[in-house]
Amino acid sequence: MLMKRLKERFKDMNNKLLFFVLLGVLIGIIVYAGTVTAIKATDTGEFCSSCHVMGTVYEAFTQSPHARLDCNDCHAPTDNVVNKMAFKARAGIGHIYMNTIGASQIPDVLHATDDSVDVINQNCISCHQYTIDNVAHDSKGTCIDCHRHVPHGLGIFKTSDWHLKLNIDAAK
Amino acid sequence: EDLTVDETEPLTDLSPDEYVNTAFKDAFPIHYESYLRNMGNGRPPVSKFIPDYEPYLPILFAGFPFEQEYNTTRGHPYAVEDVLSIARIGDRSIGSCMTCKSSTVTPLLKEFGDDYWSANFRGDIVPRMEELAAVGASEELGEFGHVSIGCSDCHDPVTMELRITRPSLTHALARQGIDVTEATRNEMRTYVCAQCHVEYYFEPELEKVRFPWDYGTKPEEMLHYFETTAIEEGFDYDYIHAVSGAPILKAQHPEYEMWSYGSHGRAEVSCADCHMPFERRDDRRKISSHFWASPLENIETSCRTCHSDKTERYLIDRVGDIQERHLEAVHEAQDLTVEAHYFVNRMITAGAPDDKIEQAQQYVREGQWYTDIIAAENSDGFHNPQGSMDTLRMASDASNNAIKLAIEELSNLNVDLGELRTEIENVKEAVLNEEDPFEKHTHATNNFFPAQN
Amino acid sequence: EDLTVDETEPLTDLSPDEYVNTAFKDAFPIHYESYLRNMGNGRPPVSKFIPDYEPYLPILFAGFPFEQEYNTTRGHPYAVEDVLSIARIGDRSIGSCMTCKSSTVTPLLKEFGDDYWSANFRGDIVPRMEELAAVGASEELGEFGHVSIGCSDCHDPVTMELRITRPSLTHALARQGIDVTEATRNEMRTYVCAQCHVEYYFEPELEKVRFPWDYGTKPEEMLHYFETTAIEEGFDYDYIHAVSGAPILKAQHPEYEMWSYGSHGRAEVSCADCHMPFERRDDRRKISSHFWASPLENIETSCRTCHSDKTERYLIDRVGDIQERHLEAVHEAQDLTVEAHYFVNRMITAGAPDDKIEQAQQYVREGQWYTDIIAAENSDGFHNPQGSMDTLRMASDASNNAIKLAIEELSNLNVDLGELRTEIENVKEAVLNEEDPFEKHTHATNNFFPAQN
Ligand SMILES: [Ca+2]
Ligand SMILES: [Ca+2]
């Protein structure tokens, strides 16, 4: 599978080359937006967590009640395909760029951008419409003002592999 | 049907002036059902004067109706019943005492206008309240539950929007520069409670219920208000203390005030977030709980919505820790303040100079304020652990200042301090050992410590 | 390759006895780089006796080396330099003073055995430390940074596992029933700091560094230890106070103790979580920061890992709020304790009965303990807002007890309390106005208040 091989490469390829390869892949995905499998594949936790920096959030996600969702059920617009693809492309290029050429600018702790928070909140609402129809649920700015731990804040501040090992990269 | 509170479209067929709780039952059956839980086990309230709670309160309140009866709380539907039967109500009690008890207050205010506040409680207010209560009674809510604190106190009966019905809050916030009509929904989820769960006093002109917040809501800021603005406007004190003769400010349930600068208040966690969490009733339907009680009964829905990384056990233990440390400090501050009152009493009987007595009384006034405002707060410190402890520290300091001054003056007068201390122990014993809570206060003064009021 | 900390496989080529910080540079260049940030701006430390900090400390410490010099802290690499130059070190200072300063302590303990603790600081310990420091110096770490608190104090040089190198901690935990070899990684992230950031005393037999935790880590529990077990084992006090003659316990940096029962300690948030957050160095590699400083410099990586729903501004304001309230209370407690010392001094000069003087001195001992343990804690209350405030409350109470007793006795002796108060103000003024921090303490006693030690 394309994705599997890509994932291998994430780990051992030269950064600059990786960036352009992935950029190409992404453009490919956008061009072939109709390919359901590609969209789906790049939505999953497995895909997102192929980047090391996604490790902690993935860990927390897998232990949350939402573990059976895909990341992009929350993290990309779900209202229509065009919006979704545009957001994914922008975010995807950003992430890949940052993970390769722009690595020195990666923040020490990731935080959702305001745009992300808006998108996510919209997705909470669309899935949980029934609950919030039933009782006015919008007294705070966003759902996560109360549901602070959905799904990344389950007290998991470091990935489990971090808890096990000294970081060899750091060590050398 | 959409129950969003933001829309101002009519949602019910009720009259805009509806004030009877049972009238809301048909439109909101599951809210009404939730409200019924406030009836609890139906047992009467318990005196706070028993040794397990705060045994020396009859001394601290000596000279004020509070010395006679002061109980643990019950659910909102009991508020009218409890205010009617409390021994604190006397022949000169006023309408203002109904303000935080009954949903008839809105119609009463409309009818009486500004005369409501100082109208005679038993002579004018209760009879009219009973007339208004002639409709809508229901066995499940007891004699007065249908007109006790209820739907119309917090909701517009037509739109069900949250609303403020007590002008005291609107007025107090306005004096802080806050326009309550501009409040966000999150703020309203606190303000509805802040209509009642606040420190208050009766301003002397019309005896309106007022909140002392011009300089802020911290105890020291409220004291500053009482020492300046309130005095300028003619309010000096609530009572002259029977033991020390000090001009005392009675402090009442400052839940809102302590919350406002505590960990959760600063984080904008509202009263309703903890005390009215969403609950599932009637299968799948969710509502805001209308059973106002300790959130420790509902940790899952209340605390763990936000603190889902913590276990129920952990949260109970944390609250327990905070409250235990807090209560120990409350009791120590109360002991010191009691002592201060008697030292000042002895200054008077021994003939200390007037200016020294006045100075000592001023310290006692301060010490009692800081002690009482924290003892009267109902979360046992949880709403604001650091702030409450800071206030108790100030309480000790002020009461100690009174005692220090007294020791100095009494020594100059060759008063036997050993005897004084023994007599204080005797008084405390007598109050503690008296079985009848209504009689406890009679032991606060005696031949050795004659009444000063 | 798995570099689990749990496994004890060798990770470096270093000797198991390596103690020089620069020796770790090659194996861990980016950690070393992070460590270098502790060199800060290179400016010398500042006296805490200046009016902006705690101007009356020279009075509170009168009679103890601390009266001479007590400074703000700097980074770990300065620890050796600072202990060598501090005026508190005298001819009779002992090896124990090096315990929390240098990575040579492990070899020193090995060489000297139990004689290390009471060995003469300048005569025995410093010369040997300097010999050990002959290798590995590096300009970027100054004269002694290469043997100041460093890698081998917290890490096994071969496996880089976290380890405890100071037997005082192992011993104190064992007495609490805790086997430190069983500690989880999360616990180790606190214990490595708890080797040093704790209250300590020198037990009298071998002058070993000991921690008074048998009954718990709260200030009142530590005081209980000092009043019982420590006295039974021969340790009565650190010094006789020059002003009051009271037997004083010096309190030191109880960061671990206050944390242990505060909001974060109870939630098992470790010291390293806040003070050693992940930082990205050298492109993508994340390491635990080895720059130990205020987390407020790194809110994004430190606090916001957990408090991601809060803004940086909000967190700074919350900490500021807590600290401001706290510091005001610290200053008030210090003022009261200073006053207590002078009142007791006057009892002595006026010839009050010995048993009353002793009783008053006991109160002062208690008041000073509670004041000092909180003033000496370095987070200005943040590590435990409620607990710290509770302790300050006890501080006020105890100091007030001393003052009350003194007023009683002094009045009996017809001492002029007005004059006494004026003289206290004069002493405080003199200490405040003295420009040279090293001379301030000389004004703590004078003709009116003769030294009592
Ligand atoms: Ca009041
Ligand atoms: Ca000590």
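Worth saying up front: this structure is predicted, and the values here are computed from it rather than measured. The sequence lines fix the lettering, A, B, ..., with proteins before strands; numbering per chain opens at 1.
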Toward chain C: residues of residues 416-427 of chain B with heavy atoms under 4.5 Å
B:Leu417, B:Arg421

How many angstroms lie between CE in B:Met258 and CD1 in B:Ile373, if you round to the nearest 0.5 Å?
8.0 Å

With only heavy atoms counted, which part of B:Ala406 is less than 4.5 Å from chain C, the side chain, the backbone, both or neither?
neither

For residues C:His383 and C:Glu377, is any side-chain donor paired with an opposing acceptor at under 3.5 Å?
yes

Quick check, are the ring centers of B:His341 and B:Phe449 under 6.0 angstrom apart?
no

Interface check, chain B: of C:Glu328, C:Arg325, C:Glu332, most non-hydrogen pairs under 4.5 Å belong to C:Arg325

Which bit of C:Ala267 comes within less than 4.5 Å of chain B, counting heavy atoms only: side chain, backbone, both or neither?
both

To the nearest 0.5 Å, how far apart are CD in B:Glu199 and OH in B:Tyr225?
10.5 Å

Any donor-acceptor N or O pair under 3.5 Å, side chains C:Gln361, C:Glu366:
no

Criterion side chain to side chain contact (heavy atoms under 4.5 Å, CB included) on C:Gln368 and C:Thr371, from CA distance to verdict:
CA-CA 5 Å; C:Gln368 168 122 357; C:Thr371 304; 5.6 Å; no

Check the side chains of B:Thr217 and B:Ser260 for a donor-acceptor pair under 3.5 angstrom, ignoring hydrogens and angles.
yes

Of the listed residues (B:Asn412, B:Asp397, B:Asn384), which shares the most heavy-atom pairs with chain C below a 4.5 Å separation?
B:Asp397

Determine yes or no for a side-chain-to-main-chain donor-acceptor pair under 3.5 angstrom, with C:Gln323 supplying the side chain and C:Ser379 the backbone.
yes

Options C:Asp317, C:Asn414, C:Asp321, ranked by heavy-atom pairs under 4.5 Å with chain B, top entry:
C:Asp321

Side chain, backbone, both or neither: which part of B:Tyr261 has a heavy atom under 4.5 Å from chain C?
both

Heavy-atom distances under 4.5 Å only: say whether C:Ser399 touches chain B with side chain, backbone, both or neither.
neither

Counting heavy-atom pairs under 4.5 angstrom with chain C, the leader among B:Ser388, B:Gly387, B:Ala329 is B:Ala329

Using a cut-off of under 4.5 Å for heavy-atom pairs, which of C:Met394, C:His326, C:Glu408, C:Lys310 has the most such pairs with chain B?
C:Glu408

At a heavy-atom separation under 4.5 Å, does B:Ile322 approach chain C through its side chain, its backbone, both, or neither?
both

Is the distance between the ring centroids of C:Tyr256 and C:Trp213 under 6.0 Å?
yes

For the pair C:His307 and C:Tyr314, evaluate side chain to side chain contact (heavy atoms under 4.5 Å, CB included) and give the outcome as yes or no after the intermediate values.
CA-CA 10 Å; C:His307 299 281; C:Tyr314 173 86; over 6 Å; no

Verify the neighbour count for atom CZ of C:Phe448: are there more than 12 heavy atoms of other residues, nucleotides or ligands below 6.0 Å?
yes

